[in-house]
Amino acid sequence: MIHFFNRKQLLADFDISLVAQAREILKQQGVPLVYKTKRGDDHAAHGVGAASNGKAGSFPKIYVHIIYVHKQDYQIAKRMLHDAKLL
């Protein structure tokens, strides 16, 4: 089982289709994974000065899709995604 202390981040991307492809490859090969979606910081994606120009709060929601794997599976999983040209 993958826990907080024995996992390593393999991939983090805004593109859900790329992350879905990566998840499918890993699942087909039997690599256990944890998938999470986090809401990114809106201003980080659009520049820190956004609040000063009167547009604060008007940005679209940004989501980061993250795949974690067990630390022991990291190198194998990384090679799989590299071979598939996803990394």
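By convention here, the first residue in the shown sequence is residue 1. Scope of the values below: all heavy atoms of this structure, side chains included, with no hydrogens, waters or symmetry mates.
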Just list the side-chain donor-acceptor pairs under 3.5 Å for residues 76-87, sequence neighbours left out, or say none.
none

### Task
Check step by step if side chain to side chain contact (heavy atoms under 4.5 Å, CB included) holds for T37 and I66.
CA-CA 6 Å; T37 301; I66 305 168; over 6 Å; no

### Message
Distance check, rounded to the nearest 0.5 Å: I2 atom CD1 versus Q72 atom CD?
### Response
10.5 Å

### Message
Taking V31 as the starting point, is it possible to reach L33 by hopping between hydrophobic residues whose side chains are less than 4.5 Å apart?
### Response
yes

### Task
Check whether any side-chain heavy atom of V69 sits under 4.5 Å from a side-chain heavy atom of P32, and report yes or no.
no

### Summary
The remaining residues in the hydrophobic cluster of F5, counting side-chain heavy-atom contacts under 4.5 Å among Ile, Leu, Val, Met, Phe, Trp and Tyr, are F4

### Query
Looking at residues at least two apart in the chain, or sitting in another chain, which of them share a side chain to side chain donor-acceptor pair (under 3.5 Å) with Y63?
none

Show me the donor-acceptor pairs, under 3.5 Å and distance only, between side chains in residues 6-27 and residues at least two apart or in other chains.
{"residue": "N6", "atom": "OD1", "partner": "H3", "partner atom": "N", "Å": "2.6"}
{"residue": "N6", "atom": "ND2", "partner": "M1", "partner atom": "O", "Å": "3.2"}
{"residue": "N6", "atom": "ND2", "partner": "H70", "partner atom": "NE2", "Å": "3.2"}
{"residue": "D13", "atom": "OD1", "partner": "D15", "partner atom": "N", "Å": "2.8"}
{"residue": "D15", "atom": "OD1", "partner": "S17", "partner atom": "N", "Å": "3.1"}
{"residue": "D15", "atom": "OD1", "partner": "S17", "partner atom": "OG", "Å": "2.7"}
{"residue": "E24", "atom": "OE2", "partner": "Q28", "partner atom": "NE2", "Å": "3.2"}

